[in-house]
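Here's the structure we're looking at; comments come further down.
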Amino acid sequence: MMAAALPVTVVGGYLGAGKTTLVNSLLRQANGRRLAVMVNEFGALPIDTSLVEVAEDRIVSLVGGCVCCSYGEDLVSSLAMLAALEPQPDHVLLEASGVAFPGAIAGTVGLLKGFRLDGTVVLADAETVRSRADDRYLGSTVRRQLAEADLILLNKCDLVGDADAVEAWLSGAASGVRIVRTVRSSAPISIVLGAAAGRGAQPVGDAPLDHTDGYVRTTFDPPVGTQPEALARLLADPAHGLLRAKGFIRRPDGAMAAVEIVGSRWIVTDAPANAPAGLVCIGLEDRTDFTALRRSLRNL
């Protein structure tokens with residue numbers, strides 16, 4: 001008897017929209033379902049440490065029989081590796097890069113024997129989605145991501161005064177796509193898995209492309225003894241032009257802190273004692289000066 005095709009849900013959305021938070025939430029809701037999570041790279045593993053059981057070369061074992069692997073540029077072979085696991089996962093969550101087109105990835109999945117595209121879920125940051133969609137540099141990417149969704153999670157609705165207005169705009173920008181409001185990417189697993197139900201067959205889409213042109217990325221080692229809150233405020237200063245930054249820093253008292261910046265917003269939280277110190281920063285090539293930012297960091 002032929003094995004059933006392995007369902008794959010593509011999770012997309014622009015930088016900082018809440019993709020990783022959604023994936024962690026879904027893992028906590030697995031309830032015996034074996035989920036396989038695919039991420040772009042393990043350099044900054046997005047899975048919460050409380051969900052990790054064993055880390056190996058290419059596979060991280062998670063609680064409840066779930067697994068996580070990186071796919072980098074080799075999406076097809078990574079999917080094949082997951083399909084060969086015993087026992088096989090029940091469902092795959094494929095987290096796309098924040099600057100990738102999820103429809104292109106979904107199209108690739110739809111062509112692979114043994115896999116079935118379950119749907120494309122795109123997160124939109126309620127606070128920033130309109131301004132980014134109108135941005136000269138970012139707009140075409142953001143609007144295409146939204147248009148390629150089967151389901152849009154309008155996230156961070158607690159940060160805007162008029163979520164109705166944002167949803168109304170979103171309905172026009174992504175006509176016919178179902179929209180669900182969320183806070184902190186909290187969505188029932190029953191809504192996210194099966195997102196394409198009722199929309200009919202999905203188009204094959206384009207071949208995967210390199211969507212990193214125009215973006216710059218670097219890693220910083222924060223100065224020892226830097227106050228995380230001061231660091232976060234500096235990185236969130238619009239003068240530096242950062243789109244996204246996240247990582248870990250050791251406080252002056254030795255405790256680890258997690259720092260996360262989305263545009264001009266920032267948050268600092270406690271982190272595990274064994275978290276690796278370092279920050280990953282992403283900006284636009286013609287707006288972000290990492291040399292100047294490093295000088296500012298030295299003056300903290």
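The analysis underlying the following values was restricted to heavy atoms, covering all of them including side chains, and did not include hydrogens, waters or symmetry mates. What you see is a predicted model; the values in this text were computed from it and never measured.
When the side chain to side chain contact (heavy atoms under 4.5 Å, CB included) test is applied to Ala292, the partners found at least two apart in sequence or on another chain are Asp289, Arg295. Residues meeting the side chain to side chain donor-acceptor pair (under 3.5 Å) test with Gln227, sequence neighbours left out: none.
Of all heavy-atom pairs between Leu279 and Phe248, the closest is CD2-N, 4.3 Å. Scanning all heavy atoms of the two residues, the minimum distance from Leu82 to Pro89 falls at O-CD, 3.3 Å. The two atoms that bring Ser78 and Met38 nearest to each other are CB-CE, 3.6 Å, heavy atoms only. The two residues Pro102 and Gly12 come nearest to each other via the heavy atoms CB-CA, 4.4 Å. Here the closest heavy-atom approach between residue Ala173 and residue Arg143 is recorded as CB-NH1, 4.3 Å. Residues Ala258 and Ala271 share a closest heavy-atom pair of N-CB, 3.7 Å.
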Next on the checklist: Before you tell me yes or no, could you show the steps for Asp162 and Arg130 under salt bridge (charged side-chain N to carboxylate O under 4.0 Å, His left out), namely the whole-Å CA-CA distance, both residues' side-chain angles and the distance that decides it to 0.1 Å?
Outcome noted: CA-CA 13 Å; Asp162 190 355; Arg130 284 187 289 184; over 6 Å; no
Checklist entry - Between Ser77 and Asp74, is a side chain to side chain donor-acceptor pair (under 3.5 Å) present by the stated rule, with each step listed? => result CA-CA 6 Å; Ser77 67; Asp74 201 352; 2.6 Å; yes
Checklist entry - Val60 and Glu53: side chain to side chain contact (heavy atoms under 4.5 Å, CB included), yes or no, with the steps? => result CA-CA 8 Å; Val60 173; Glu53 287 187 336; over 6 Å; no
Checklist entry - Between Arg116 and Asp118, is a salt bridge (charged side-chain N to carboxylate O under 4.0 Å, His left out) present by the stated rule, with each step listed? => result CA-CA 6 Å; Arg116 172 177 61 81; Asp118 186 67; 3.3 Å; yes
Item to check | Working for side chain to side chain donor-acceptor pair (under 3.5 Å), residues Thr141 and Gln145 | outcome: CA-CA 6 Å; Thr141 297; Gln145 288 176 344; over 6 Å; no
Item to check | Test side chain to side chain contact (heavy atoms under 4.5 Å, CB included) applied to Phe220 and Arg294, step by step | outcome: CA-CA 8 Å; Phe220 292 110; Arg294 289 180 190 277; 3.1 Å; yes
Checklist entry - Does the pair Leu138 and Leu243 meet the rule for a side chain to side chain contact (heavy atoms under 4.5 Å, CB included), with working shown? => result CA-CA 11 Å; Leu138 314 178; Leu243 296 169; 4.2 Å; yes
Item to check | Test side chain to side chain contact (heavy atoms under 4.5 Å, CB included) applied to Trp169 and Val129, step by step | outcome: CA-CA 10 Å; Trp169 174 89; Val129 65; 4.0 Å; yes
Next on the checklist: Let's go through Ser50 and Arg28 carefully: what are the C-alpha distance in whole Å and the side-chain angles of both, what is the deciding distance for side chain to side chain donor-acceptor pair (under 3.5 Å) to 0.1 Å, and is it a yes or a no?
Outcome noted: CA-CA 10 Å; Ser50 62; Arg28 291 192 170 89; 3.2 Å; yes
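Within the 4.5 Å cutoff, side-chain heavy atoms of Leu235 are placed close to those of Leu293. Considering only heavy atoms from C-beta on, Arg251 comes within 4.5 Å of Val268 through its side chain. Val37 places none of its side-chain heavy atoms less than 4.5 Å from the side chain of Cys66. A 4.5 Å side-chain heavy-atom check between Val39 and Cys68 finds at least one atom pair inside the cut-off. For the pair Leu154 and Thr182, the minimum side-chain heavy-atom distance is 4.5 Å or more. The closest side-chain heavy-atom distance from Val259 to Glu229 is not below 4.5 Å. Proximity of Arg178 to Ile152: side-chain heavy atoms (C-beta onward) are nowhere separated by under 4.5 Å. Within the 4.5 Å cutoff, side-chain heavy atoms of Val280 are placed close to those of Arg217.
Side-chain atoms of Gln29 come within 3.5 Å of backbone N or O of Ala187 as a donor-acceptor pair. Between the side chain of Ser131 and the main chain of Thr128, a donor-acceptor pair closer than 3.5 Å is present. Using modelled atom types, one side-chain atom of Asn24 and one backbone atom of Thr20 make a donor-acceptor pair closer than 3.5 Å. Remark: side-chain polar atoms of Asp150 are paired, donor with acceptor, to backbone N or O of Thr120 under 3.5 angstrom. Distance alone, capped at 3.5 Å, is enough to place a donor-acceptor pair between the Gln88 side chain and the Ala83 backbone.
Comment: Arg34 engages Asp90 in a salt bridge, judged by a side-chain N to carboxylate O separation of less than 4.0 angstrom. Salt-bridge check for Arg181 with Asp158: failed, with every basic side-chain N at 4.0 Å or more from each acidic carboxylate O. Ion pairing of Asp270 with Arg250 is absent here, as no side-chain N (NZ or NE/NH1/NH2) approaches a carboxylate O to less than 4.0 Å. Electrostatic pairing of Arg144 and Glu148 counts as a salt bridge here, judged by a charged N lying under 4.0 Å from a carboxylate O.
Applying the 6.0 Å contact sphere to CG of Asp286 captures more than 12 heavy atoms from other residues, nucleotides or ligands.
Linking ILVMFWY residues whenever their side-chain heavy atoms come closer than 4.5 Å, directly or via other members, places Val52 and Leu26 in the same cluster. Follow the hydrophobic side-chain contacts under 4.5 Å out from Val183 and you never reach Tyr14; the two are in separate clusters. If you chain together hydrophobic residues whose side chains sit under 4.5 Å apart, Val160 and Val142 never meet in one group. Note on Leu93 and Val180: same hydrophobic cluster, where clusters join Ile, Leu, Val, Met, Phe, Trp and Tyr whose side-chain heavy atoms are under 4.5 Å apart, directly or indirectly.
Note: Glu95 CD to Ser70 OG = 12.5 Å, rounded to the nearest 0.5 Å. Taking CD1 from Ile267 and NZ from Lys246, the interatomic distance works out to 12.0 Å, rounded to the nearest 0.5 Å. A distance of 9.5 Å separates CG in Asp125 from CG in Leu123, rounded to the nearest 0.5 Å. In this structure, the separation between OG1 on Thr226 and CG on Asp221 is 11.0 Å, given to the nearest 0.5 Å. Here the CZ-CG distance, from Arg184 to Leu159, works out to 9.0 Å after rounding to the nearest 0.5 Å. Distance check: Leu153 CG to Thr21 OG1 gives 12.0 Å after rounding to the nearest 0.5 Å.
Under the side-chain contact (heavy atoms from CB on, under 4.5 Å) test applied with Val92, the options Leu35, Thr9, Leu79, Val67 reduce to a single match, Leu79.
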